[in-house]
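The structure appears below as structure tokens.
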Amino acid sequence: MERGVLSFPLTSFHEDGSLDPEGCRAHVAAQIATAPGAVFPACGTGEFFSLDEDEYRQVVTIAVEEAGGRLPVVAGIGYGWAQAARFARIAEEAGADALLVLPHYLVAAPQDGLVAQLEQIAARTRLPLIAYQRGQVAYTAASLRRIAAIPNVIGLKDGHSDLDRLQRLTLAAPEGFLFFNGASTAEIQARAYATVGIPAYSSAVHAFAPEIANTFFAALRDGDGKTVERLLRDFYVPLVELRDRVPGYAVSLVKAAARLRGRPVGPVRAPLTDPSTTDLADLEALLTTGLDLVGAAL
């Protein structure tokens with residue numbers, strides 16, 4: 001997963017809110033064509049929490065079919081462990097290679113409970129699991145050792161961006177345990193994560209502008225600081241400022257940007273809302289700027 005940007009594709013909906021399988025297929029195929037390190041269907045950017053089980057099966061199946069074994073397909077699962085296990089079974093039947101365990105629903109929990117959640121899921125699937133710490137889920141170094149000892153838990157995605165905690169976690173982990181940066185607009189903190197031994201990251205920008213995401217990834221990998229800083233200053237930082245205007249824009253803006261480029265992804269589902277006319281105009285101007293920086297067109 002360190003060899004390319006990690007792709008978290010959008011889930012396509014029709015204007016009436018129903019699932020658009022053909023739109024999903026077209027979008028996932030376009031994502032895979034840009035050679036990401038892995039594809040993660042039905043995760044946060046893919047609006048996992050708005051999908052029913054039948055829709056989830058379709059989304060994961062499409063990703064597996066389009067990947068065709070060329071790269072890993074890691075499907076999102078979540079809620080409490082009983083429901084997460086149901087989604088895990090569906091993903092396994094659909095042919096997914098691994099699972100990303102999204103933060104559980106609503107309640108805060110002690111460390112013993114966080115570990116037990118993964119133990120219960122792991123006991124009910126043969127697929128490798130990647131834990132996702134974000135929101136109410138945050139592991140201590142001691143808990144990291146415990147979850148890493150679960151046979152099919154292979155890694156951790158981090159959305160807290162607490163570098164002190166992350167350094168402790170990476171030092172506590174066994175050799176070969178995977179870590180990756182899962183912060184919102186992860187490129188903003190990619191250099192900081194790399195300093196504690198976590199170069200791999202997910203990219204929401206890849207879902208609508210793989211040209212920008214891949215240029216940034218290559219510049220970071222190759223030590224091209226000028227390109228990294230130019231893209232951060234002129235594209236990524238303004239994108240974060242726009243994202244922070246309205247709760248939920250971390251997904252809504254991504255979908256809107258994909259629509260601006262003619263991608264068949266449709267609207268977001270409630271409780272998310274699509275961007276306002278003003279914010280959409282600002283997004284289009286920023287997207288044009290970002291694409292110009294890497295020699296691409298809207």
Mind listing the side-chain donor-acceptor pairs of residues 31-42 below 3.5 Å, one per line with the distance, residues two or more places apart or on another chain?
residue : atom : partner : partner atom : Å
Q31     : OE1  : S7      : OG           : 2.7
Q31     : OE1  : H206    : ND1          : 2.9
Q31     : NE2  : H206    : O            : 2.7
T34     : OG1  : Q31     : O            : 2.7
T34     : OG1  : H206    : NE2          : 2.9

Suppose we call two aromatic rings close when their centres sit under 6.0 Å apart. Are F179 and Y201 close by that rule? no
Can the ring centroids of Y56 and F87 be said to lie less than 6.0 angstrom from one another? yes
Do I212 and F217 sit in one hydrophobic cluster, given that two such residues count as connected whenever their side-chain heavy atoms are within less than 4.5 Å of each other, even indirectly? yes
Cluster link I154 to I198, ILVMFWY, side chain under 4.5 Å: yes
With a 3.5 Å distance limit and no angle check, can you tell me whether [X] reaches the backbone of [Y] through a side-chain donor-acceptor pair?
{"X": "S12", "Y": "P264", "value": "yes"}
{"X": "N214", "Y": "P210", "value": "yes"}
{"X": "E66", "Y": "V28", "value": "no"}
{"X": "N152", "Y": "T125", "value": "yes"}
{"X": "Q117", "Y": "W81", "value": "yes"}

Heavy-atom side-chain proximity of L242 to D279 below 4.5 angstrom: yes
Please report the C-alpha distance between R261 and E211 in whole Å, then the side-chain angles of each, then the deciding distance to 0.1 Å, and finally whether the salt bridge (charged side-chain N to carboxylate O under 4.0 Å, His left out) criterion is met. CA-CA 12 Å; R261 303 201 72 194; E211 305 97 325; 2.8 Å; yes
Can you name the residues that form a salt bridge (charged side-chain N to carboxylate O under 4.0 Å, His left out) with D164, not counting sequence neighbours? R168
All salt bridge (charged side-chain N to carboxylate O under 4.0 Å, His left out) counterparts of K255, not counting sequence neighbours: E47
Distance alone, cut at 3.5 Å: any donor-acceptor contact between the side chains of [X] and [Y]?
{"X": "T61", "Y": "Q58", "answer": "no"}
{"X": "R134", "Y": "S184", "answer": "yes"}
{"X": "S161", "Y": "Y193", "answer": "yes"}

Using the test side-chain hydrogen bond (donor to acceptor under 3.5 Å, both in side chains), find all partners of T185 that sit at least two apart in sequence or belong to another chain. R243
Considering residues at least two apart in sequence or located in another chain, which fulfil the side-chain hydrogen bond (donor to acceptor under 3.5 Å, both in side chains) criterion with S143? Q111, T140
Here the pair of heavy atoms bringing A98 nearest to L127 is CA-CB, 4.4 Å
Looking at [X] and [Y], does any basic side-chain N land under 4.0 Å from a carboxylate oxygen?
{"X": "R191", "Y": "E229", "answer": "yes"}
{"X": "D282", "Y": "R245", "answer": "yes"}
{"X": "E92", "Y": "R124", "answer": "no"}

Would F216 and Y236 satisfy ring-ring contact (aromatic ring centres under 6.0 Å, His included), going step by step from the backbone distance to the final call? CA-CA 10 Å; F216 183 91; Y236 283 102; 5.1 Å; yes
Quick note, side-chain hydrogen bond (donor to acceptor under 3.5 Å, both in side chains) partners involving residues 95-105, not counting sequence neighbours, are none
Please say whether the positively charged group of K157, taken as NZ for Lys or CZ for Arg, lies over the ring of F180, i.e. under 6.0 angstrom from the six-membered ring centre and within 45 degrees of the axis. no
